[in-house]
Amino acid sequence: MEELDAWYASFEDEATPALTEAQKQMGKQRLFNQLDQLTAEPPKQHRLPLLRYASAAAVLLIITGTFLFWPSSKREKEEIQLATTVDVAPGGDKAVLTLADGRKIILEDSPDGQVAAEGNMTIIKLNSGMLAYQNTAKNANAASQLNTINTPVGGQFQVILSDGTKVWLNAASSITFPNQFNGKVREVSTTGETYFEVATLKNGSKEKVPFRVSTGEQKIEVLGTQFNINAYGDQKQYQTTLVEGSIRLSQNKITKLLQPGQQASIQLEKDIINISETDVEKAIAWKNGLFKFDNTDIMSLMKQLERWYPIEVVYEGKIPDERFFGKIERNYTLSEVLKVLQLGQVHFKIDDKTNTNGKRKLIVMP
């Protein structure tokens, strides 16, 4: 509100009196009334025809983006046009499960119900689409076996481990875990970005069984908590964000404790862990079906899009220095997202052809 008032004040002169609080509230109410009319579904119609729906979504996205995406530099009004005749669909629930014997199961192609049986465990795909491990045997002490779930670029997936822990995997990520937990500690390893809701588990002595996550040299230990790990191999640092509970994070000989709302940033190859307060909503936006940007530069923003859409980003000319604030739903097509970003004086072109990896080239232009 302070930024909006300052912006409005920059246009004031003696002939333009300042808005009163009542006038501001009236204007705000008119705005939301218009948005309600734009987004209201027609009576007795649950779904718009495809072409009308796509057009309405694009228009609403631009209108919404005008308020959510305010570029850091001033801009003039301009017609928003995207230099492309093709579009790219968003990602979805896609993953491959690799069992201990090497068998690979493409999960998005598997029907609901039992996917596989391994030792004591039955692996089930629930109606919600997530995977669940259930112990159906009486011998609870049978040897555990390692499984791995990998998501591709443009993929995400959810799994409930045998102890009840829930795991969300973002695009281009993986988790390796035992199909059942035995012993004094629960251990898994991950790459990419994962979100955990760790279930509390007690052993025969009624003691809590620790849960440990390793991502390369970074190790995290918890007893029962919710946290997000961003540890993509193409980044210069790993980030761990604590949502609830507490965790102990270590990198080689350095150990830090995190409190809810804090984020640990590990600078790789430097053995430095920085702890800071953070925007938790931004850190886990992907899990909630959103991109969220807060003073985000164009290269970091494009890296997120590159993981969610089958594209290869290249820059033509000077890399734009605009920064972006706001949210966009991850179920929008690429062209719909780009139309919003072009409000920030950044322009794009999608190549009509795909490369050898099946990706389209997205050209970023100043």
Side-chain angles (χ1 to χ4, degrees), residues 3-4 6-8 10-11 31-32 34-35 38-39 48 50-92 153-154 171 279 282 285-286 288-355 359-366:
E3 291 182 8
L4 178 59
W7 173 81
Y8 179 80
S10 69
F11 293 94
L31 168 64
F32 280 102
Q34 292 171 12
L35 288 177
L38 283 171
T39 59
L48 290 169
L50 181 59
L51 292 178
R52 287 185 60 201
Y53 179 79
S55 176
V59 173
L60 178 60
L61 190 63
I62 294 173
I63 294 172
T64 306
T66 302
F67 296 94
L68 293 182
F69 277 84
W70 198 263
S72 54
S73 63
K74 292 185 178 180
R75 61 176 175 83
E76 296 180 355
K77 293 181 180 179
E78 59 179 321
E79 183 70 21
I80 302 300
Q81 295 181 342
L82 186 63
T84 180
T85 58
V86 298
D87 204 352
V88 180
V153 169
D279 180 357
K282 176 186 174 184
W286 68 270
N288 298 323
L290 296 169
F291 296 109
K292 184 176 182 183
F293 309 118
D294 183 8
N295 198 30
T296 304
D297 63 84
I298 190 67
M299 295 188 72
S300 299
L301 189 154
M302 285 295 111
K303 180 60 68 176
Q304 293 188 50
L305 298 187
E306 210 169 17
R307 295 191 182 111
W308 189 235
Y309 300 90
I311 57 174
E312 175 189 358
V313 177
V314 296
Y315 296 87
E316 185 177 278
K318 179 179 179 295
I319 296 177
D321 58 3
E322 307 303 301
R323 290 182 175 270
F324 295 87
F325 303 79
K327 305 174 186 177
I328 300 181
E329 294 183 11
R330 278 162 54 113
N331 61 1
Y332 286 128
T333 66
L334 180 62
S335 67
E336 290 173 332
V337 172
L338 298 181
K339 284 177 181 177
V340 173
L341 299 182
Q342 286 191 156
L343 293 168
Q345 292 186 332
V346 182
H347 304 282
F348 307 90
K349 182 170 64 176
I350 305 175
D351 200 320
D352 292 347
K353 299 179 181 179
T354 59
N355 60 21
K359 298 181 178 180
R360 293 192 185 277
K361 183 179 294 185
L362 173 61
I363 303 170
V364 181
M365 301 172 290

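As a basis for the values below, the full set of heavy atoms in this structure was taken, side chains included, without hydrogen atoms, waters or symmetry mates. Remember, predicted model here, so these are calculated numbers, not experimental data. The first residue of the sequence shown is numbered 1, and numbering continues consecutively from there.
- Shown here are the salt bridge (charged side-chain N to carboxylate O under 4.0 Å, His left out) partners of Lys359, two or more places apart in sequence or in another chain: there are none.
- Met299 is listed as a side-chain neighbour of Tyr315, based on a closest heavy-atom distance under 4.5 Å.
- When every heavy atom of Gly154 is checked against every heavy atom of Ala171, the shortest pair comes out as N-CB, 3.8 Å.
- Not counting sequence neighbours, Asp294 has no partner by the salt bridge (charged side-chain N to carboxylate O under 4.0 Å, His left out) test.
- Tyr309 and Arg330 make their closest contact through OH-O, 4.1 Å (heavy atoms, listed as atom of the first residue, atom of the second, distance).
- Between Lys339 and Glu336 there is no salt bridge, since none of the side-chain N atoms of the basic residue sits less than 4.0 Å from a carboxylate O of the acidic one.
- Atoms CH2 and CG, on Trp308 and Leu334 in that order, are 13.0 Å from each other to the nearest 0.5 Å.
- Here Ile363 pairs with Val314, Glu316, Lys349, Lys361, Met365 under the side-chain contact (heavy atoms from CB on, under 4.5 Å) rule; sequence neighbours left out.
- In this structure a side-chain-to-backbone donor-acceptor pair under 3.5 Å is missing from Gln345 to Glu322.
- Atom CZ of residue Phe291 and atom OG1 of residue Thr296 lie 11.5 Å apart, to the nearest 0.5 angstrom.
- In this structure, Pro310 and Ala89 approach most closely via the heavy-atom pair CD-O, 4.0 Å.
- Between Asp297 and Asp321, the closest side-chain pair of non-hydrogen atoms is not below 4.5 Å.
- The shortest distance between side-chain heavy atoms of Ile350 and Leu338 falls below 4.5 Å.
- Taken from CD in Gln342 to OG in Ser335, the straight-line distance is 10.0 Å, to the nearest 0.5 Å.
- Considering only heavy atoms from C-beta on, Leu305 stays 4.5 Å or farther from Val313 through its side chain.
- Residues Phe324 and Val346 are in side-chain contact: their nearest non-hydrogen atoms beyond the backbone lie under 4.5 Å apart.
- For the pair Tyr332 and Val340, the minimum side-chain heavy-atom distance is 4.5 Å or more.
- For Thr354, the side-chain contact (heavy atoms from CB on, under 4.5 Å) partners at least two apart in sequence or on another chain are Arg360.
- Take Asn288 and apply the side-chain contact (heavy atoms from CB on, under 4.5 Å) test, not counting sequence neighbours, and it matches Ile284.
- Heavy-atom minimum distance, Ile311 versus Glu306: O-CG, 3.4 Å.
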